[in-house]
Undergrad: 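This is the structure I have questions about; it appears just below.
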2 protein chains.
Amino acid sequence: MVTKANRGNRNATSEDVAQLAGVSQATVSRVFAGGANVSEKKRKKILDAAAALEYKPNAQARSLITRKTMMVGIIMRNIRDPFYSAVLEIFHTRLSPLGYQLIFNNSENEIIEEWEIAKLLEYNVEGIIVTDALLSEGATRKLKRSGIVSILFNRYAEGLNCSAVYCDNYLAAQQIATYLVEMGHRTFAFISGPRNTSTTVDRLKGFREVLLERKIKDLTIIPGTYTYESGFQAAQELLTRNKKIDCIFCGSDIIALGVMDAARLVGFRIPEDLSVVGFDNIRMLGWTPYPLTTWEQPLEDMVTSTVDLLLKEINEKNAVPRIIAMKGHLVIRNTVRKKK
Amino acid sequence: MVTKANRGNRNATSEDVAQLAGVSQATVSRVFAGGANVSEKKRKKILDAAAALEYKPNAQARSLITRKTMMVGIIMRNIRDPFYSAVLEIFHTRLSPLGYQLIFNNSENEIIEEWEIAKLLEYNVEGIIVTDALLSEGATRKLKRSGIVSILFNRYAEGLNCSAVYCDNYLAAQQIATYLVEMGHRTFAFISGPRNTSTTVDRLKGFREVLLERKIKDLTIIPGTYTYESGFQAAQELLTRNKKIDCIFCGSDIIALGVMDAARLVGFRIPEDLSVVGFDNIRMLGWTPYPLTTWEQPLEDMVTSTVDLLLKEINEKNAVPRIIAMKGHLVIRNTVRKKK
DNA sequence: TTAGTTTTTGAATACGTATTCATTCAAGAT
DNA sequence: ATCTTGAATGAATACGTATTCAAAAACTAA
């Protein structure tokens with residue numbers, strides 16, 4: 001038998017609570033939505049009734065009326081890279097206390113197309129964070145028209161009308177190059193991520209500029225995919241050529257690990273025979289086989305900025321997209337040969 | 001001016017589409033909800049109108065009426081462990097094509113309490129997956145009462161009335177122990193995860209049984225936390241004692257990496273001076289410094305089983321909780337000394 | 001006391017969809 | 001032509017909440 005009390009085993013609603021507490025549904029709502037004035041006496045009664053019925057507000061019904069879902073979508077590439085696992089963890093740590101739920105999406109694509117955000121649109125997320133990838137023009141337009149904020153993390157695109165937070169790769173590459181040259185290196189290789197991404201382009205630009213200034217021309221470029229295997233394979237190629245190479249600059253730490261393992265396998269000692277520099281400063285670098293000199297991305301700060309930007313754009317309708325570059329710094333360990 | 005057409009910049013609704021197509025809202029709904037019969041002529045008109053207005057169904061409104069949110073919560077510990085990054089990726093790969101959205105939650109707790117699932121309840125997820133942790137009794141009861149399915153991944157609890165999918169640790173430990181004894185080892189250490197978890201208890205049981213059978217009593221147990229640092233430190237302790245140890249069995253690959261690095265640092269060669277066995281078979285083990293012999297968990301199959309179970313319990317009201325053990329197998333690489 | 005002010009409250013409504021129910025429509029059988 | 005049947009449709013309703021509006025209640029000041 002379905003009585004008023006058990007409602008066929010459905011969860012209690014504000015209506016049920018109202019009935020038990022002897023008030024109207026509106027008053028119950030006022031208690032749980034916060035803000036509005038409710039007399040202490042009734043508030044207490046309502047809270048008691050709610051506890052008795054194990055009442056919890058229904059998020060779907062709520063967002064239907066408030067037009068706020070308090071959900072954010074995150075689309076990640078390369079979640080298996082420890083750098084990005086950390087990114088995800090930190091995003092959750094930041095967003096959860098603000099009451100946002102995080103809808104996780106994995107993608108293997110360099111550019112996120114419309115079909116990949118379709119479900120997030122249906123669910124009316126308030127914002128979308130994209131890490132290590134771009135949004136297609138179509139996707140960006142669609143988001144804009146739907147009034148959904150989007151932010152690129154660790155990538156940016158000039159014409160795209162989309163906010164971004166990234167590590168200043170141009171500056172980083174300049175400083176890395178300067179350091180390497182000062183340490184006496186003359187012939188370089190750069191194992192990058194995919195071509196034509198802001199990350200790769202900026203790093204290449206910064207690195208090249210420094211070399212040009214010093215009249216060094218010896219730079220081999222091998223685009224890769226930010227994976228261990230990609231680094232391993234590129235290094236094998238590089239090191240079995242006739243040409244001697246002083247130093248390999250890697251687009252990510254994971255690439256660098258592949259490079260180091262490949263190099264050691266062919267008999268190169270690091271840093272005596274070959275210097276290696278990474279990028280990211282993932283936690284693993286504290287592990288003994290990989291004392292990698294690298295560029296630390298200010299991960300926590302980058303996430304904080306991203307979340308700030310997200311909130312700002314969610315609240316300020318028509319905010320102008322911003323692109324924020326963050327600095328980072330060189331972490332010197334033990335994979336770059338000292339000056340002779 | 002707010003006209004019928006632009007509705008103050010809100011997204012188009014089924015009502016808008018209906019109006020433009022010259023049909024009723026009900027018919028529009030029938031087209032998008034699928035199943036029901038609609039004449040080809042009108043269907044075409046509706047789809048055209050929907051495309052013109054960029055209509056997409058509103059998930060919140062839909063779930064309010066269908067009582068299905070098509071959302072699943074996942075609560076993960078140790079997301080930085082590559083094993084669990086992979087787990088997350090695979091869960092997404094499996095669930096996404098089924099139309100489920102994945103709400104990601106991170107937790108550092110061994111036991112998930114009620115407050116950690118509260119938001120997921122408000123959002124009416126249809127199920128909750130918990131990896132590498134348990135649900136508290138209170139949380140389990142609450143979920144049950146709310147009609148939300150919960151499944152433990154890689155843990156189980158006897159009395160908890162909660163489904164689980166895990167790797168048969170008892171069996172695994174038995175086979176590992178057998179292998180190690182046959183290889184001639186006699187003194188052992190086991191660096192486990194946290195005490196009193198099913199994982200640790202089962203492995204210990206299996207390992208001990210085999211040793212007992214062979215009258216070997218030399219087993220030192222050090223509980224840890226499934227981290228590199230935990231393994232590193234435990235190994236340092238173990239190896240600087242007077243007591244000689246043949247072989248260390250590690251609760252996870254990541255622990256084993258810490259152990260190997262610590263051992264090498266103290267001058268032990270692996271496997272000549274010390275054998276090490278891991279658990280999980282994470283991808284990193286293909287990397288050259290860590291040719292770890294380990295137990296492979298059938299990751300893909302475990303996720304598949306978990307998803308199957310999840311769907312089954314979501315659809316069959318009152319399904320009996322099931323606990324599924326999966327087998328896995330030994331992967332022999334190069335960190336266990338061969339029989340003399 | 002009374003008039004005026006503020007706070008508290010409930011009835012009614014809207015959010016955007018799926019579904020029920022009754023009605024219309026088209027087609028096939030006689 | 002009529003009757004029967006099944007498909008196609010629209011009107012109305014429900015899902016569970018927040019919010020508006022007007023009424024009621026509780027204070028304040030005189």
Side-chain angles (χ1 to χ4, degrees), chain A residues 2 4 7-46 49-50 53-70 99 121-124 126 146-147, chain B residues 2 4 7-46 49-50 53-70 99 121-124 126 146-147:
Chain A
V2 177
K4 277 174 203 165
R7 302 184 68 250
N9 280 330
R10 299 217 200 106
N11 291 331
T13 70
S14 56
E15 193 65 54
D16 300 333
V17 175
Q19 200 166 326
L20 182 58
V23 299
S24 73
Q25 180 271 329
T27 306
V28 174
S29 174
R30 278 189 269 259
V31 169
F32 282 90
N37 275 326
V38 177
S39 68
E40 265 321 306
K41 209 171 88 186
K42 295 211 168 171
R43 158 171 278 118
K44 170 106 177 46
K45 272 195 141 181
I46 289 172
L53 297 176
E54 290 198 294
Y55 169 74
K56 56 190 186 318
N58 178 311
Q60 279 78 33
R62 169 178 286 177
S63 47
L64 207 51
I65 192 103
T66 59
R67 301 181 168 285
K68 305 212 94 212
T69 55
M70 297 303 281
L121 288 181
E122 285 190 19
Y123 277 78
N124 298 293
E126 298 184 26
S146 303
Chain B
V2 177
K4 278 177 203 161
R7 302 184 69 250
N9 279 330
R10 297 214 204 106
N11 291 332
T13 70
S14 56
E15 192 66 53
D16 300 333
V17 174
Q19 201 167 326
L20 182 58
V23 301
S24 72
Q25 180 272 330
T27 307
V28 175
S29 175
R30 278 189 268 259
V31 169
F32 282 89
N37 275 326
V38 177
S39 69
E40 265 323 305
K41 209 171 89 184
K42 297 213 167 171
R43 159 172 276 118
K44 172 103 175 50
K45 273 195 141 185
I46 288 172
L53 297 176
E54 290 197 294
Y55 169 74
K56 55 193 185 317
N58 178 311
Q60 280 78 35
R62 168 177 286 178
S63 46
L64 208 50
I65 191 101
T66 57
R67 300 179 170 288
K68 304 211 94 213
T69 56
M70 297 303 282
L121 289 181
E122 285 189 20
Y123 277 78
N124 299 293
E126 298 183 25
S146 303

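Proteins come first, then strands; the chains are lettered A, B, ... in the order of their sequence lines, and each starts at number 1. Scope of the values below: all heavy atoms of this structure, side chains included, with no hydrogens, waters or symmetry mates.
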Undergrad: Contact class for B:Ser29 vs. all strands (heavy atom < 4.0 Å): base, sugar-phosphate, or nothing?
TA: base
Undergrad: When the distance from CD of A:Gln60 to C1' of D:dA14 is rounded to whole Å, what number comes out?
TA: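 Atom-to-atom, A:Gln60 to D:dA14, this comes out as 16 Å.
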Undergrad: Counting any heavy atom closer than 4.0 Å, what does A:Lys56 reach on the DNA or RNA strands: base, sugar-phosphate only, or nothing?
TA: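 A:Lys56: backbone/sugar contact only, no base atoms under 4.0 Å.
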Undergrad: Classify B:Val28 by what it touches in the nucleic acid, base, sugar-phosphate, or nothing, heavy-atom distance under 4.0 Å.
TA: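 Nothing: the residue B:Val28, judged by heavy atoms under 4.0 Å, touches no strand.
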Undergrad: So, is B:Thr13 near the phosphate of C:dG16, with a side-chain N or O under 4.0 Å from OP1 or OP2?
TA: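 So the side chain of B:Thr13 is outside the cut-off, no N or O lying under 4.0 Å from OP1 or OP2 of C:dG16.
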Undergrad: Hey, does the side chain of A:Ser14 come within less than 4.0 Å of D:dT17's phosphate (OP1/OP2), counting only N and O?
TA: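 For D:dT17, OP1 or OP2 has a side-chain N or O of A:Ser14 closer than 4.0 Å.
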Undergrad: Say you draw a straight line from CZ of B:Phe32 to CG of B:Asn58; how long is it, rounded to the nearest 0.5 Å?
TA: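 Going from the CZ atom of B:Phe32 to the CG atom of B:Asn58 covers 13.0 Å.
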Undergrad: D:dT17, OP1 or OP2 - any side-chain N/O from A:Tyr55 closer than 4.0 Å?
TA: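 For D:dT17, OP1/OP2 do have a side-chain N/O of A:Tyr55 under 4.0 Å.
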Undergrad: Kindly say if A:Asn37 contacts the phosphate of C:dT8, meaning a side-chain N or O under 4.0 Å from OP1 or OP2.
TA: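 For C:dT8, OP1 or OP2 has a side-chain N or O of A:Asn37 closer than 4.0 Å.
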Undergrad: Counting only heavy atoms not in A:Lys44 (residues, nucleotides, ligands), do more than 12 fall under 6.0 Å from its NZ?
TA: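 Open.
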Undergrad: Does D:dA14 have OP1 or OP2 under 4.0 Å away from a side-chain N or O of B:Arg67?
TA: no
Undergrad: D:dA18, D:dG10, D:dG16: which one has an atom nearest the side-chain heavy atoms of A:Ala61?
TA: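 Given the options D:dA18, D:dG10, D:dG16, the side chain of A:Ala61 is closest to D:dG16.
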Undergrad: Name the residue closer to the 5' end of DNA chain D, choosing between B:Ala26 and B:Ile65 according to the nucleotide with the nearest heavy atom.
TA: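 The residue closer to the strand's 5' end, by nearest nucleotide, is B:Ala26.
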Undergrad: Can a side chain N or O of A:Thr66 be found less than 4.0 Å away from OP1 or OP2 on D:dT19?
TA: no
Undergrad: Would you say A:Asn58 places a side-chain N or O within less than 4.0 Å of OP1 or OP2 belonging to D:dT17?
TA: no
Undergrad: When you check the phosphate oxygens OP1 and OP2 of C:dT17, does a side-chain N or O of B:Arg30 lie under 4.0 Å from one of them?
TA: no
Undergrad: Has B:Ser39 got a side-chain N or O lying under 4.0 Å from the OP1 or OP2 atom of D:dT9?
TA: yes
Undergrad: Does a side-chain N or O from B:Lys42 land closer than 4.0 Å to OP1 or OP2 of D:dA8, or not?
TA: no
Undergrad: Let's test your reading of the model: under 3.5 Å, does the base of D:dA18 pair with the side chain of A:Gln25 as donor and acceptor?
TA: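 Checked by distance alone, the answer is yes.
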